[in-house]
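Single-structure report; data block below.
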Amino acid sequence: METLKNVNDANLVLILDYGSQYTHLITRRIRKLSVFSLCLSGTTSLESITRLNPRAVILSGGPHSVHTPDAPCFPDGFLGWAEANGVYVLGVCYGLQLLVQKLGGEVRVGEWQEYGRMEIEVVEGGDGEGRLYGVDAVGMEQTVWMSHGDEAARLPEGFRVVARSRQGTVAAIESTERRLYGLQYHPEVTHSTLGMETLQHFLFNVCGLSPGWKMEDVLEQEINVIKDLVGPNDHVICALSGGVDSTVAATLVHKAIGDRLHCIFVDNGLLRYKERERVMSTFESDLHLPVTCVDASDRFLSKLKGVTDPERKRKIIGGEFIAIFDDFAVELEHKLGKKPAFLVQGTLYPDVIESCPPPGSGKTHSHTIKSHHNVGGLPKDMKLKLIEPLKLLFKDEVRELGSILNVPQAFLKRHPFPGPGLAVRVLGDVTQGNALEITRQADEIFVQAIKDAGIYDSIWQAFAVFLPVLTVGVQGDQRTHSYVVGLRAITSEDGMTADWYKFQSEFLDNVSRKICNNVRGVNRVVLDITSKPPATVEWE
């Protein structure tokens, strides 16, 4: 299901990604302003860019220097095409330096290395349309987030400096005649106090875009895409996990094709405490979806025995899922007289972004963080064609879409659960001893305590992790040599960046006691206080 071919938005903003950890935030901030935005590799072909016909293009930041031989860059002819077609271009950090260098200016290693919060002053505002800062902004100071070593030393012809840092470094530039703009800082991060206002001014006052993108339009578009893709006699399989993503995806596809959707829930032996019983009850009583439950726990665990590498775990799990779906399709073929041709998955935009290949692959310049079983873990010889109706949406957007589709709020508020399940929450071999049962019980105690405290909805995700580390303890006046359980709870908007949740010490004390007293084989509990980045959400 090639979703990008179906993009048709008169106000599309395209972000070309050069590897900044904040690039996804630009996409999120723009969508928050009710303008549709997409993120593509910074080296995407000119043909692909022109086919999408964006009104504005934002060149992201990145870890590279424009001086390195393999520095990523927009395709040849891009700036000429943008100027000829009235497309506005905004370079952010590395993106600004690309504009300066490619248009004949000079970028050099800065005398001042600027990282973190910095003060800048707007030195020019302008009295006409198309200015990066309004006329009232001249002399205004604001705190911004800097992250650069190189700086623009000499601007190309036709550009002017419109903001500088306190050290005198160029902070913002513009060439209004050519519709080219640049910010040396990151307006997309919350540390830039007026960053959202700057983006809003750029989109609406400079580019003249209109805030008209809404989730009801997404629903209508996706239903039409599915109807066009799936023939009138075709049948579709949907893999249900019990989480928000697959549930919303199934409800959406069911709305489009009705009873030709056949749902399957696979117990892979890596589920949470009583997950199978709970989700099957909800599928049948609340969602009224026809679901077949397949117990494949032995099949998965036998393949995972002895496997410790997290990427290999993901690949194995992804391969087994698809094999089971293929088997299910064969059974349906005997029953229906026609084999299903499609598989629905609840892939989200962060899944796609985090599964991109590393630099040097020719496809992107962001490092691979992890392979998702519904993105990078699928076998190339898979017989079923994919339908991924949520592929361009973030988690909060999926929840909004689910609400429009009348998916129960209890489902929509569930914390995310990884596709590979507890395989990425048991470090090392998932079949070692009673590691899975320890993880299930500790996780249930932790999450239930969060619900009892009334803070579940304030947390993006919370879970327990099994550490294959034995430590000495004292329980019942006896020396013990037992395992460690880690607790992780984060706050986030979309899962791409996150901060750890600050619990009250009394809460943590109670949870730790409950786990050590009720989960056999555990004598120590630790709390993960790492944000993302530098860590990922899951430990793996």
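As a basis for the values below, the full set of heavy atoms in this structure was taken, side chains included, without hydrogen atoms, waters or symmetry mates.
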Fill in: Heavy-atom donor-acceptor pair, Ser192 side chain to His186 backbone, under 3.5 Å
yes
Worksheet item: Any sub-3.5 Å donor-acceptor pair from Ser48's side-chain atoms to Thr44's backbone N or O?
Response: no
Discussion item. Could you check whether His415 and Phe463 have their ring centres less than 6.0 Å apart?
Written reply: no
Worksheet entry | Polar side-chain atom of Lys313 near backbone of Gly428 as donor-acceptor pair, under 3.5 Å | yes
Worksheet item: How about Arg278: does its CZ atom have over 12 heavy atoms from other parts shown lying under 6.0 Å from it?
Response: yes
Worksheet entry | Which residues share a ring pair (Phe, Tyr, Trp, His ring centres under 6.0 Å) with Phe325, sequence neighbours left out | Phe321
Item to complete: Quick one: do Asn523 and Thr471 satisfy side chain to side chain donor-acceptor pair (under 3.5 Å)? Show the steps, please.
Response: CA-CA 7 Å; Asn523 65 4; Thr471 67; 2.9 Å; yes
Worksheet item: What pairs with Glu47 under side-chain contact (heavy atoms from CB on, under 4.5 Å), at least two apart in sequence or on another chain?
Response: Ser45, Arg51
Worksheet item: Counting distance only, does the side-chain N/O of Thr439 pair as donor-acceptor with the main-chain N or O of Val426 below 3.5 Å?
Response: no
Discussion item. Run the side-chain contact (heavy atoms from CB on, under 4.5 Å) test against Gln409 and tell me which residues pass, sequence neighbours left out.
Written reply: Ser403, Leu412, Lys413
Fill in: side chain to side chain donor-acceptor pair (under 3.5 Å) assessment of Ser37 paired with Thr27
CA-CA 6 Å; Ser37 58; Thr27 311; 4.7 Å; no
Worksheet item: Within the distance-only criterion (no hydrogens, no angle test), does the side chain of Trp460 pair as donor or acceptor with the backbone N or O of Ser492 below 3.5 angstrom?
Response: no
Kindly list each side-chain donor-acceptor pair under 3.5 angstrom involving residues 330-340, sequence neighbours excluded, with atom names and distances?
none

Item to complete: Could you pull out the closest heavy-atom pair between Arg399 and Pro416, with the gap in Å?
Response: NH2-CD, 4.2 Å
Worksheet, complete the sentence: By side-chain contact (heavy atoms from CB on, under 4.5 Å), Ser505 pairs with (sequence neighbours left out) none
Worksheet entry | Partner set under side-chain contact (heavy atoms from CB on, under 4.5 Å) for Ala464, not counting sequence neighbours | Ala442, Asp443, Val485, Leu487
Practice prompt. Mind jotting down which residue pairs meet the side-chain hydrogen bond (donor to acceptor under 3.5 Å, both in side chains) criterion with at least one end in residues 249-263? Sequence neighbours excluded, please.
Written response: His235-His262
Discussion item. Is it the case that the side chain of Glu222 and the backbone of Glu388 share a donor-acceptor pair, with hydrogens and angles ignored and the cut-off at 3.5 Å?
Written reply: no
Worksheet item: Under the ring pair (Phe, Tyr, Trp, His ring centres under 6.0 Å) test, which residues partner Phe74, sequence neighbours left out?
Response: Phe78
Worksheet item: Which atom names give the shortest non-hydrogen contact between Gly521 and Ser482, and what distance separates them?
Response: O-CB, 3.3 Å
Discussion item. Does the plane of the ring in Tyr22 sit parallel, tilted or perpendicular to the ring in Trp145? Use 30° and 60° as the thresholds.
Written reply: perpendicular
Worksheet item: With a cut-off of 6.0 Å (strictly less than), are more than 12 heavy atoms of other residues, nucleotides or ligands near OH of Tyr273?
Response: no
Worksheet item: Taking only residues two or more places apart in sequence, or in another chain, which ones meet Phe446 in a ring pair (Phe, Tyr, Trp, His ring centres under 6.0 Å)?
Response: Phe503
Item to complete: Check the pair Ser41, Asp17 against side chain to side chain donor-acceptor pair (under 3.5 Å), reporting the backbone distance first and the verdict last.
Response: CA-CA 5 Å; Ser41 167; Asp17 176 21; over 6 Å; no
Worksheet item: Taking only residues two or more places apart in sequence, or in another chain, which ones meet Tyr483 in a ring pair (Phe, Tyr, Trp, His ring centres under 6.0 Å)?
Response: Phe466
Discussion item. Has Asn434 got a side-chain atom pairing as donor or acceptor with Glu437's backbone, closer than 3.5 angstrom?
Written reply: no
Practice prompt. Would you mind listing every salt bridge (charged side-chain N to carboxylate O under 4.0 Å, His left out) that reaches into residues 518-529, with sequence neighbours excluded?
Written response: Arg488-Asp528
Item to complete: Would you mind listing every salt bridge (charged side-chain N to carboxylate O under 4.0 Å, His left out) that reaches into residues 282-300, with sequence neighbours excluded?
Response: Arg276-Asp295, Arg299-Glu320, Arg299-Asp327
